[in-house]
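Data first, discussion second: the structure below is written as structure tokens.
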Amino acid sequence: MQAETQHTRQPIAFRTHDPRLEPIAAKVLAGERLDFNDGVTLYGSSDVLAVGWLANHVRERMHGDVTYFNVNRHINPTNVCVANCRLCAFGIKKGDPDGYTMALEEAWETAASGYSEAVTEFHIVGGLHPDLPLEYFLDLVSGLKERFPKVHIKAFTMVEVAFLARRAKLTIEQTLIKMRAAGVDSMPGGGAEIFSSRVRSIICDHKIDGSEWLETARLAHKLGFRSNATMLYGHIESDEDRVDHLLKLRAVQDETGGFQTFIPLAFHPENTALDHLPVTTGLTDIRQVAVSRLLLDNFAHIKAYWQMLTPKIGQIALRFGADDLDGTVVEEKIYHDAGATTPQGMTRKELCRLITEAGRVPVERDTLYHAVTRTEDSFTVAV
Ligand code: V47
């Protein structure tokens, strides 16, 4: 399979009390692709440990014990947003006193604060601001590149790219080319939510639809950008919607190979219009990581985003299919506005302890998964 590198492990027999998992296990052990029905069965199985065992088998086949992490900093230049998505606690309408928009100098200063650990990546996403022109975002990025030339800039979701293109009356390609010229190196995976139009029309009807998200990703990959992909789960979607989402991503990946990492995102209902919904449970989160690893056979990496999962569940996810624990982050807003009680950031030392105590080997990476070697406050990247 495209993304796999082989690691040798002692064979251990697969065991389950759910006979429906037997044929799926046979496929997984033979390195065969799973289909839609297999995905639904994995979500519905009563034997979540067996599902996890299979995902762990694939994860170890691909990465052995290696677990990646990176030192990044999130920057959210504005929370003002024209969309009014029910899923979101971050976006604020223009004119609301809780809205903020950083002046460029302020955004650059934000980037500089918390820079002491030699950040290798800026992760930049924000609201769909009704007035900020594309040039603001291009200047933001080029100013960051000027000040921090070694830092990889992972910026703007497919939703933001499509919005900025429309506002600037440019095509998606023209917009992406301008972004690249300004210094955008790759793109984060947000805004994918769930591709099902039924669900999308309820949780985020103001966003581009699923096929536009996928098409924007496709165009970005064809221009040479790598990007991530996400899925928001744990709200009103069905198991079939989740499988459909994963298989649509897998199909684009077959075509472009441009996705690096998949990040399942658990819905946090607090302070959203869907606050009557319960939060996901630990086993739902863990199963989601495992099913993602099993269905996305052409994605090299599955990320456990500890900010959303909590550090404890994030650590357990490392034995259920995840090979990446994101990240040091520093000041996360989107989940914390939606009630996340996890710390805003984590040091490299803390991340390494979580990984080591999970029986894994921590490897610091840059955004493109090159190993990073550190000396005090600087770093080199093995390309
Ligand atoms: O697109 C918004 C989600 C995403 C809520 O690419 C919510 O490396 C839960 O995409 N509850 C932004 N989720 C975060 C994101 C991300 C995070 C970490 C790494 C990467 C990467 C990408 O957060 C949004 C949306 O799907 N979101 N509101 C909420 N109330």
Side-chain angles (χ1 to χ4, degrees), residues 68-70 72-76 79 81 83-92 120-128 152-161 163 184-195 199-200 203-204 206-208 210 213 217 220 225-237 245 249 258-275 277-280 285 288 299 301-310 314 322 324-342 345 365-369:
Y68 296 98
F69 70 96
N70 72 336
N72 63 1
R73 202 218 195 286
H74 283 215
I75 305 169
N76 306 119
N79 65 350
C81 192
N84 196 13
C85 300
R86 286 189 181 86
L87 70 89
C88 185
F90 172 72
I92 297 280
T120 59
E121 171 189 287
F122 291 134
H123 170 123
I124 308 171
V125 295
L128 307 178
H152 180 107
I153 299 188
K154 184 179 77 182
F156 313 130
T157 64
M158 302 307 160
V159 174
E160 289 167 278
V161 172
F163 177 77
V184 172
D185 296 302
S186 72
M187 285 140 129
E193 320 310 0
I194 278 275
F195 296 138
V199 178
R200 225 173 159 82
I203 66 166
C204 59
H206 299 83
K207 277 187 186 164
I208 54 172
W213 191 98
F225 283 105
R226 310 301 303 273
S227 82
N228 292 338
T230 57
M231 178 177 90
L232 188 70
Y233 67 94
H235 39 88
I236 56 163
E237 84 289 1
H245 186 96
L249 288 173
F259 289 120
Q260 299 211 107
T261 308
F262 176 74
I263 309 131
L265 297 169
F267 179 56
H268 281 229
E270 208 177 305
N271 302 325
T272 75
L274 298 171
D275 62 359
L277 295 175
V279 292
T280 59
D285 292 334
Q288 182 54 56
F299 274 61
H301 304 285
I302 304 292
K303 186 187 281 188
Y305 185 43
W306 66 262
Q307 290 269 0
M308 167 276 273
L309 292 170
T310 75
D324 190 325
L325 193 62
D326 184 3
T328 55
V329 183
V330 188
E331 204 187 350
E332 196 282 336
K333 287 188 197 294
I334 295 173
Y335 278 99
H336 288 85
D337 284 354
T341 52
T342 50
R365 63 162 176 91
D366 70 358
T367 311
L368 301 175
Y369 287 84

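Read the numbers this way: they start at 1 and go in the same order the structure lists the ligands and their atoms. None of the values given here were measured: they were computed from a predicted structure.
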Legend entry - ligand 1 versus I263: contacting region, heavy-atom distance under 4.0 Å: side chain

Inset, instruction - Could you list which atoms of ligand 1 come closer than 4.0 Å to a heavy atom of T230? - result: 10 (O)

Inset, instruction - Anything under 30° is parallel, anything over 60° is perpendicular, the rest tilted; go ahead and classify Y68 against Y369. - result: perpendicular

Legend entry - Min heavy-atom dist M187 to ligand 1 below 4.0 Å: no

Inset, instruction - Return yes when A266 approaches ligand 1 closer than 4.0 angstrom through a heavy atom, no otherwise. - result: yes

Inset, instruction - Return yes when K303 approaches ligand 1 closer than 4.0 angstrom through a heavy atom, no otherwise. - result: yes

Inset, instruction - List the steps and the verdict of side-chain contact (heavy atoms from CB on, under 4.5 Å) for M231 and Q288. - result: CA-CA 10 Å; M231 178 177 90; Q288 182 54 56; 3.3 Å; yes

Inset, instruction - Could you pull out the closest heavy-atom pair between M187 and K154, with the gap in Å? - result: C-CG, 3.7 Å

Inset, instruction - Find out whether L249 and W213 are in side-chain contact, i.e. whether some heavy atom of one side chain is under 4.5 Å from a heavy atom of the other. - result: yes

Legend entry - Test of proximity, G189 against ligand 1: N or O pairs below 3.5 Å: yes

Inset, instruction - Specify side chain, backbone, both or neither for H123, according to which of its non-hydrogen atoms lie closer than 4.0 Å to ligand 1. - result: side chain

Inset, instruction - Please state which part of T261 comes within less than 4.0 Å of ligand 1, counting heavy atoms only: side chain, backbone, both or neither. - result: neither

Legend entry - Which of the ligand 1 atoms, numbered from 1, are nearer than 4.0 Å to a heavy atom of L232: 7 (C), 9 (C), 13 (N)

Legend entry - Whether K154 lies under 4.0 Å from ligand 1, heavy atom: yes

Legend entry - Option nearest atom 15 (C) of ligand 1 (shortest heavy-atom distance, choices L265, I203, N271, V159): L265

Inset, instruction - Return yes or no for this condition: an N or O of T272 is under 3.5 Å from an N or O of ligand 1. - result: no

Legend entry - Within-4.5 Å side-chain heavy-atom neighbours: L87 and T272: no

Inset, instruction - Would you tell me which option among C204, A192, G190, G234 has the nearest heavy-atom contact to atom 10 (O) of ligand 1? - result: G190

Inset, instruction - Find all atoms of ligand 1 within a distance of less than 4.0 Å from any non-hydrogen atom belonging to N228, and give their numbers and elements. - result: 6 (O), 8 (O), 21 (C)

Inset, instruction - Would you check if I194 and Y233 make a side-chain contact, meaning some heavy-atom pair closer than 4.5 Å? - result: no

Legend entry - Test item: I263 and N228 side chains (from C-beta on) under 4.5 Å apart, heavy atoms: yes

Inset, instruction - Report yes or no: does a heavy atom of Y305 sit under 4.0 Å from some atom of ligand 1? - result: yes

Legend entry - Heteroatom distance test (G191, ligand 1): nitrogen or oxygen, under 3.5 angstrom: yes

Inset, instruction - Can you label the angle between the H74 ring and the Y305 ring as parallel, tilted or perpendicular, going by 30° and 60°? - result: parallel

Legend entry - F267 and I203: CA distance, side-chain angles, deciding distance, side-chain contact (heavy atoms from CB on, under 4.5 Å) verdict: CA-CA 11 Å; F267 179 56; I203 66 166; over 6 Å; no

Legend entry - V125 to P188 - nearest heavy-atom pair and separation: CG1-CG, 3.6 Å

Inset, instruction - Would you tell me which option among H74, Q260, H268, E193 has the nearest heavy-atom contact to atom 26 (O) of ligand 1? - result: E193

Inset, instruction - Check ligand 1 against P188 and write out every atom of the ligand that is under 4.0 Å from a heavy-atom position of the residue. - result: 6 (O)

Inset, instruction - Go through the side-chain N and O atoms of T280 and D285 and say whether any donor and acceptor fall under 3.5 Å apart. - result: yes

